[in-house]
Amino acid sequence: MLSKLEKFSRWLSGWFEWIGMAALLLMMVITFIDVVGGKLFTWRLAGSIDIVMVSQAVAIAFAAAMLLILDKHVQITFLVDRLPKRTQAVTKSIIHFLELGLFILIVWRLFVFGHYMQTGGEGTGTIRIPLYPFGYGMAIALIPVCLVIILRLVNSLARAVGR
Amino acid sequence: MNPATIGIIGIVVMIILFLLRMPVAFAMILVGFAGFAVLSGPGPALSTLSRDIFTQFSSYPLSVIPMFILMGTFAYASGISRRLYETGYAWVGQFRGGLTMATVLACSGFAAICGSTTATVATMGKVALPEMKRYNYDDTLATGTVAASGSLGILIPPSTIFIVYALLTEQSIGKLFVAGVLPGALLTLLFISTVFLVCLRNPSLGPAGPPTTWRHKLKAVSGLTETVVLFLFVIGGLFLGWFSPTQAGAMGAVGALLIGLARRELTWRKFVSATKDGLRTACMVIFIIAGAIVFGHFMTVTRIPFMLADWMTGLPLPPMAIIGIIAFIFFIGGFFMDSMALTVLLIPIFYPLLISLNVDLIWFGVIVVLLAEMGVITPPVGVNVFVMKGIAPDVPLESIFKGILPFLVALIVCLIILIAFPQIATFLPGFASY
């Protein structure tokens, strides 16, 4: 069951990362078109800054789960790695528990923030792209992060109790 | 309990979480949120949490980071590093220690299109180490050179640390970039001199390679062309005000991509891999910045940075001594923390103090980057050394650290020169228009 969930979480995070990659490339292409249009043809792409902003939100949020799976976040490892295995498992359980609490909170608040932006009709500065879908999107993008942390928490708890 | 005491408790808890291996970004967000909730109430803390994360993830000024990171990963995928090394090799390979000198030069060249130390080490390590092994170079010298020279990646523009520093201190990214040019050239010279002196003392460490003809040397210069053109286009464009920082990064990324396509080096697989690498690094950096922002709000309500500024400026010490203390804290912190994380953690704390001391923030940015360079090569958290170890698994970690020591001396010499002659860093930014 656990390994099936792990596979699913990796699969989902992998797909989300593709969305993030597309958003990142869109940022580059939009900026390139805007610069070339502006410098060579005196034609500016209206709302290029707005598109770059929302694309970045998508890129970063949708890459978060894979970043966690691959352990690419900056961490200080020299102390915990020297502890006995059982102690490591206990400290990891505590840390994953705190991380889980934090990300559940972030996901919940991003949904609330998305709703707030929806009811307030908030949009970007130039071409008024509605912001609420990106608030909801970020919340959804961070759900696999919670899933990855839950799986890590279960694994470290199992190690802590010696299974 | 007064806000300052809560702030100090928060800092201690955050350090404990760091040591227990919680990702730096998560620890900063968690402590920043909890501390803010204690001081301002749960309601404002919850609203600030989501707003801060949304605002940072969608921040246009931060979009410069993914663009320059993407430029570096595309440059790597386009095989630019290999051609740079071949040029260096053709010019200095026949001297004693010549291959390591070529490595320093190639790292310096690659740093001109890539803003990350780890990417520079990973890239040049893969290219240079097999060659140095082939010519019986000492493993300690070879690995130490690559790990140390890779640190040039954050001094010679573009540089991710400069970008983050600029955003935190409201300085011009363009001015900071050009401020790194002369110190970068100076450090390259110091590294080459270090190799020369090490090999003069023990010639067996770096035997001379086969001689090359002048024709070969001149032909090899073509390997520099694309790097020079891309660097001048991107950094020159930023310097002259043609591009905003984000635009410069995007143009550089497209430029690196086009070089790869023109050279037929960039396959679909390499393109996907470079985009993934760029996205992951950008995500990591922006998460840390979001963490720093959440934590920074907590620090602001504790008023610790302002109290620290008042206290330190009241000390009977000259401003230079106070700057020395700050630099020492960065230096010691660099032993234990990633340089990016350390920068986003310490700069907001010391910023009010730096302002009250009337410090030239462009010059100080270069000093911070030099200290960060020391941080990435010193134990126990010398990230460049770990990347090097990944490329050369047969070389013990101790040997790599031993190989780095002479370069650490060169970095300290560079730091002293920059403190004595700040004009080296401040001269060029005077001409920048962005």
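Numbered from 1 within each chain, the chains take letters A, B, ... in sequence-line order. These numbers were taken from a predicted model, which means no experiment stands behind them.
- Of all heavy-atom pairs between Thr246(B) and Thr31(A), the closest is O-CG2, 4.1 Å.
- Residue Thr275(B) comes nearest to Leu24(A) through the heavy atom pair O-CD2, 4.0 Å, listed as atom of the first residue, atom of the second, then distance.
- The two residues Met28(A) and Val254(B) have their closest heavy-atom pair at CG-CG2, 3.8 Å.
- Looking at Gln75(A) and Val24(B), their side chains never come closer than 4.5 Å, going by heavy atoms from C-beta outward.
- Rounding to the nearest 0.5 Å places CG of Leu49(B) at 11.0 Å from CZ of Phe113(A).
- Only the side chain of Val36(A) has a heavy atom closer than 4.5 Å to any heavy atom of chain B.
- In terms of heavy atoms, Ala64(A) sits closest to Phe287(B) at CB-CE1, 3.6 Å.
- Nearest heavy-atom pair across Trp242(B) and Lys39(A) is O-NZ, 2.6 Å.
- Taking the side chain as every heavy atom from C-beta outward, Phe271(B) and Leu25(A) approach each other to under 4.5 Å.
- For the atom pair Ile106(A) CD1 and Ile29(B) CD1, the distance stands at 5.0 Å (nearest 0.5 Å).
- Interatomic distance, Arg21(B) CZ to Lys92(A) NZ, rounded to the nearest 0.5 Å: 5.5 Å.
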For the pair Asp34(A) and Gln247(B), evaluate side-chain contact (heavy atoms from CB on, under 4.5 Å) and give the outcome as yes or no after the intermediate values.
CA-CA 9 Å; Asp34(A) 184 42; Gln247(B) 290 174 337; 3.8 Å; yes
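- Here the two rings, on Phe103(A) and Phe26(B), have centers that are under 6.0 Å apart.
- Looking at Val52(A), only its side chain comes within 4.5 Å of chain B, counting heavy atoms on both sides.
- In terms of modelled atom types and a separation under 3.5 Å, the side chain of Gln56(A) and the main chain of Phe57(B) share a donor-acceptor contact.
- The closest side-chain heavy-atom distance from Cys283(B) to Lys72(A) is not below 4.5 Å.
- For Leu30(B), the parts lying under 4.5 angstrom from a heavy atom of chain A are both the backbone and the side chain.
- Using a 4.5 Å cut-off on side-chain heavy atoms (C-beta onward), Tyr116(A) and Arg51(B) make contact.
- Leu70(B) touches chain A through its side chain: at least one heavy atom from C-beta onward sits under 4.5 Å away, while N, CA, C and O do not.
- In this structure, OG1 in Thr91(A) is found 11.5 Å from CG in Leu17(B), a value given to the nearest 0.5 Å.
- For a residue to count as touching a neighbouring chain, one of its non-hydrogen atoms must lie under 4.5 Å from one of that chain's; by this rule Met138(A) touches chain B with the side chain only.
- In terms of heavy-atom pairs under 4.5 Å with chain A, the best-connected choice from Ile288(B), Leu257(B), Val272(B), Val285(B) is Val272(B).
- Of the listed residues (Met66(A), Met53(A), Met117(A)), the one with the most heavy-atom contacts under 4.5 Å to chain B is Met53(A).
- No more than 12 heavy atoms of other residues, nucleotides or ligands lie within 6.0 Å of CH2 in Trp15(A), so this atom counts as exposed by the packing criterion.
- The closest side-chain heavy-atom distance from Leu20(B) to Gln88(A) is not below 4.5 Å.
- Across Phe54(B) and Gly135(A), no two heavy atoms sit closer than the pair CE1-N, 3.6 Å.
- Among the candidates Gly249(B), Ser58(B), Ala250(B), the residue making the largest number of heavy-atom pairs closer than 4.5 Å to chain A is Ser58(B).
- Between the OG atom of Ser50(B) and the CH2 atom of Trp108(A) there is a distance of 9.5 Å, given to the nearest 0.5 Å.
- A heavy-atom distance below 4.5 Å is not found between the side chains of Arg109(A) and Phe33(B).
- The choice from Thr124(A), Val54(A), Leu98(A) that makes the most heavy-atom pairs within less than 4.5 Å of chain B is Leu98(A).
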Let's go through Met22(B) and His96(A) carefully: what are the C-alpha distance in whole Å and the side-chain angles of both, what is the deciding distance for side-chain contact (heavy atoms from CB on, under 4.5 Å) to 0.1 Å, and is it a yes or a no?
CA-CA 8 Å; Met22(B) 181 180 269; His96(A) 294 325; over 6 Å; no
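- Under the 4.5 Å side-chain criterion, counting only non-hydrogen atoms from C-beta, Met27(A) is in contact with Pro66(B).
- How far CG of Leu19(B) is from CD1 of Ile95(A): 10.0 Å, rounded to the nearest 0.5 Å.
- Residue contact with chain B, scored on non-hydrogen atoms closer than 4.5 Å, involves the side chain of Leu68(A) exclusively.
- Inter-residue side-chain proximity for Leu279(B) and Phe62(A) is flagged as unmet; no heavy-atom pair is nearer than 4.5 Å.
- Of all the listed residues (Leu105(A), Ile30(A), Asp81(A), Asp50(A)), the one sharing the greatest number of non-hydrogen pairs under 4.5 Å with chain B is Leu105(A).
- Heavy atoms of Ile49(A) lying under 4.5 Å from chain B belong to its backbone as well as its side chain.
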